[in-house]
**Student:** 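Structure below; questions to follow.
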Amino acid sequence: MSVLSNRLTELLGIEYPIIQEGMGPYQTDRIAAAVSAAGGLGTVSMPGMTKDPAAGAKLLREHIDRVASLTDRPFAVNVPVGRDSTNRVLPVSEAYIRAVVQARASDSALAKQLRVLTTSAGFPGEFRPLIADSGLVHMHKVGATAHARKAEEAGVDVVIASGYEMGGHTHARPVHTFVLVPNVTETVSVPVVLSGGARDGRTLAAALALGASGVAMGTRFIATEDNTDWHPAYAARIIAAGEGDDTVAPGVYGPARVLRNGAVDQLEQMIRTNELDTGEITKWKDEALIRAQSTGDVDGGLMAAGQVSSGIADLVRIADFVPRIAQDAAAILRNLAGIAEPVP
Ligand SMILES: Cc1cc2nc3c(=O)[nH]c(=O)nc-3n(C[C@H](O)[C@H](O)[C@H](O)COP(=O)(O)O)c2cc1C
């Protein structure tokens with residue numbers, strides 16, 4: 001038992017209710033391993049939606065094995081679920097889900113660590129039996145209370161309620177974290193995780209006050225000393241960002257929050273002029289995201305990041321950061337309990 005242990009930490013087998021979420025299409029192996037080693041839950045990110053399914057699944061498995069070699073603690077894998085025009089789950093999403101299930105089935109030592117599958121974007125209802133039978137804890141990310149209810153009804157174990165201010169793919173109908181999370185926590189009975197705008201002990205304490213069992217963060221974990229998989233210019237750009245520097249642009253499967261730059265101008269221009277067909281634009285976006293993450297091209301690449309960038313001012317070390325924000329949140333909650341004492 002540690003500070004802030006609860007039913008979420010128990011279910012996931014972690015110390016602190018703090019999650020690093022998937023941030024594809026590039027890799028988050030070192031961040032994930034560092035977050036898990038620090039007592040939170042790290043997440044392996046998906047390698048991209050435009051990959052050949054077999055090659056993508058192989059790459060995902062390599063990332064899973066790499067994280068398992070860097071930590072002995074539990075971790076998650078994120079699979080965004082895309083659908084085609086006939087509403088069929090995209091072959092690449094299906095291949096990723098099957099790769100995660102197979103990784104667990106093929107290696108009992110790995111299965112002890114690879115505990116969680118986080119799905120996002122669309123809901124993989126047809127794969128629920130496969131996921132449930134595999135023994136994976138299934139977390140699903142939603143941006144609307146109706147989707148949280150549907151996920152719970154389908155048997156999902158944890159709902160991640162992510163508000164519109166989040167970085168990366170956000171939601172078609174904007175509901176912000178402060179409104180969404182209490183709506184979701186009063187609707188479902190499974191544990192709820194707040195995502196979108198969290199960055200410190202105060203936001204973790206606020207999540208708990210709203211009825212959530214923990215926080216999940218993306219943007220904050222980019223600006224860390226441990227993020228050596230990504231080019232440092234990406235984190236530097238997040239640290240430099242102020243309020244209003246972000247925008248919502250058409251992403252790979254819906255709107256995505258990014259920092260406004262030359263790539264966003266170029267994307268908008270390509271869409272206006274119909275220069276490329278849909279498949280070509282999707283490929284361009286996937287490559288532009290990876291370019292920013294891997295080469296630090298912060299103007300010509302797409303810079304997925306949340307509004308919380310404006311509140312991030314430094315690089316932190318994950319081993320210190322994760323326990324510290326749990327302790328800060330606990331201290332805040334204790335102080336607040338003090339000021340809420342009845343006046344004699
Ligand atoms: C660079 C970046 C890439 C992302 N890629 C993914 C992804 O592949 N799958 C996914 O479900 N969410 C993705 N997201 C969203 C995050 O998982 C998370 O929901 C979000 O960052 C939370 O909001 P925050 O940025 O305010 O912490 C991405 C976010 C960022 C910043």
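Keep in mind the model is a prediction, meaning the values are calculated, not measured. Whatever order the structure lists ligands and atoms in, that order sets their numbers, starting from 1.
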**Student:** What residue and atom, counting heavy atoms only, is the protein's closest point to atom 18 (C) of ligand 1, and at what distance?
**Tutor:** Glu21 OE2, 3.1 Å

**Student:** Could you see which bit of Met46 sits under 4.0 Å from ligand 1, with heavy atoms only: side chain, backbone, both or neither?
**Tutor:** side chain

**Student:** Quick one: which ligand 1 atoms are inside 4.0 Å of a heavy atom on Met217?
**Tutor:**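 Here the atoms of ligand 1 in question are 27 (O).
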
**Student:** Could you report the tightest heavy-atom contact between Pro250 and Leu267, atom names first, then the distance?
**Tutor:** O-CD2, 3.6 Å

**Student:** Counting each atom of ligand 1 from 1 as listed, which ones have a heavy atom of Thr219 under 4.0 Å away?
**Tutor:** 21 (O), 24 (P), 25 (O), 27 (O), 31 (C)

**Student:** For residues 79-126, which residue pairs pass the ring-ring contact (aromatic ring centres under 6.0 Å, His included) check, not counting sequence neighbours?
**Tutor:**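 Residue pairs with at least one partner in residues 79-126: Phe123-His140.
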
**Student:** At what distance, to the nearest 0.5 angstrom, does NZ of Lys112 lie from CG of Asp107?
**Tutor:**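 Separation between the atoms: 9.5 Å.
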
**Student:** Under 4.0 Å from a heavy atom of Ser195: which atoms of ligand 1 are those, numbered in the order shown and with their elements?
**Tutor:**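 Answer, ordered by atom number: 19 (O), 22 (C).
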
**Student:** For atom 4 (C) of ligand 1, grab the closest protein heavy atom and report residue, atom and distance to one decimal in Å.
**Tutor:**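 I find the closest protein heavy atom is Met23 CA, 3.4 Å.
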
**Student:** Just checking, is any N or O donor in the side chain of Ser189 or Glu152 under 3.5 Å from an acceptor N or O on the other one?
**Tutor:**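 Yes.
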
**Student:** Please determine whether a side-chain nitrogen of the Lys or Arg among Glu94 and Arg83 lies less than 4.0 Å from a carboxylate oxygen of the Asp or Glu.
**Tutor:** no

**Student:** Tell me the contacting part of Phe221 for ligand 1: side chain, backbone, both, or neither, using a 4.0 Å heavy-atom threshold, strictly below.
**Tutor:**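 Looking at Phe221 and ligand 1, no heavy atom falls under 4.0 Å.
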
**Student:** Can a non-hydrogen atom of Ser162 be found less than 4.0 Å from any atom of ligand 1?
**Tutor:**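 No, Ser162 has no heavy atom closer than 4.0 Å to ligand 1.
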
**Student:** Mind checking whether Asn78 contacts ligand 1 via backbone (N, CA, C, O), side chain (CB onward), both or neither, at a 4.0 Å heavy-atom cut-off?
**Tutor:**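 Looking at Asn78 and ligand 1, just side chain atoms fall under 4.0 Å.
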
**Student:** Just jot down the ligand 1 atoms closer than 4.0 angstrom to any heavy atom of Tyr234, in number order.
**Tutor:** 1 (C)

**Student:** How far is atom 12 (N) of ligand 1 from its nearest protein heavy atom, and which residue and atom is that?
**Tutor:** Lys141 NZ, 3.1 Å

**Student:** Is it true that Arg30 and Asp226 make a salt bridge, defined as a side-chain N closer than 4.0 Å to a carboxylate O?
**Tutor:** no

**Student:** Minimum heavy-atom separation for Ala205 and Ile332, please, with both atom names.
**Tutor:** CB-CG2, 3.9 Å

**Student:** Just verifying a value: how many Å separate Asp320 CG and Thr224 OG1, rounded to the nearest 0.5 Å?
**Tutor:** 11.5 Å

**Student:** Looking only at non-hydrogen atoms, find the nearest pair between His169 and Val252 and report the distance.
**Tutor:** NE2-N, 2.8 Å

**Student:** Enumerate the atoms of ligand 1 whose separation from the nearest heavy atom of Gly196 is less than 4.0 angstrom.
**Tutor:**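 Going through ligand 1 atom by atom, the ones under 4.0 Å from Gly196 are 22 (C), 23 (O), 26 (O).
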
**Student:** With heavy-atom distances below 4.0 Å as the criterion, list the atoms of ligand 1 near Val308.
**Tutor:**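 In order of numbering, the contacting atoms are 26 (O).
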
**Student:** Can you confirm, on distance only, whether ligand 1 has an N/O atom lying under 3.5 Å from any N/O atom belonging to Gly167?
**Tutor:** yes

**Student:** Please state whether Arg220 comes within less than 4.0 angstrom of ligand 1, counting heavy atoms only.
**Tutor:**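 Not so, Arg220 does not reach ligand 1.
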
**Student:** Considering only non-hydrogen protein atoms, determine which one is nearest to atom 26 (O) of ligand 1 and report residue, atom name and distance to 0.1 Å.
**Tutor:**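 The closest heavy atom on the protein side is Gly197 N, 2.8 Å.
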
**Student:** Are Glu21 and Ser195 close enough that a side-chain donor and a side-chain acceptor fall under 3.5 Å?
**Tutor:**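 Glu21 vs Ser195: donor-acceptor pair found between side chains.
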
**Student:** For the residue pair Asp84 and Thr86, confirm or rule out a side-chain donor-acceptor distance under 3.5 Å.
**Tutor:**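 Looking only at side-chain atoms, Thr86 and Asp84 do form a donor-acceptor pair, the distance falling under 3.5 Å.
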
**Student:** For atom 8 (O) of ligand 1, what is the nearest protein heavy atom, given as residue, atom name and distance?
**Tutor:** Gly24 N, 2.9 Å

**Student:** Return the set of residues passing side-chain contact (heavy atoms from CB on, under 4.5 Å) with Asn335 (not counting sequence neighbours), or none when no residue passes.
**Tutor:** none

**Student:** Mind listing the closest non-hydrogen atom pair of Thr28 and Thr43 along with its distance?
**Tutor:** OG1-O, 2.9 Å

**Student:** How far is atom 31 (C) of ligand 1 from its nearest protein heavy atom, and which residue and atom name does that atom have?
**Tutor:**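 The answer is Ala304 O, 3.6 Å.
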
**Student:** Do me a favour and list the nearest non-hydrogen protein atom to atom 21 (O) of ligand 1 with residue, atom name and distance?
**Tutor:** Gly218 CA, 3.3 Å

**Student:** Would you mind running through ligand 1 and noting each atom that sits below 4.0 Å from a heavy atom of Trp230?
**Tutor:**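 Atoms satisfying the 4.0 Å criterion: 1 (C).
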
**Student:** Tell me the protein heavy atom at minimum distance from atom 11 (O) of ligand 1, and give that distance in Å.
**Tutor:** Ser120 OG, 2.6 Å

**Student:** Look at ligand 1 and say whether Gly22 reaches it with a heavy atom at a distance under 4.0 Å.
**Tutor:**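 For ligand 1, residue contact (heavy atoms, under 4.0 Å) with Gly22 is present.
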
**Student:** For Arg260, I'd like to know if atom CZ has over 12 heavy atoms of other residues, nucleotides or ligands within 6.0 Å.
**Tutor:** yes

**Student:** Taking a cutoff of less than 4.0 Å between a non-hydrogen atom of the residue and any ligand atom, is Tyr164 in contact with ligand 1?
**Tutor:** no

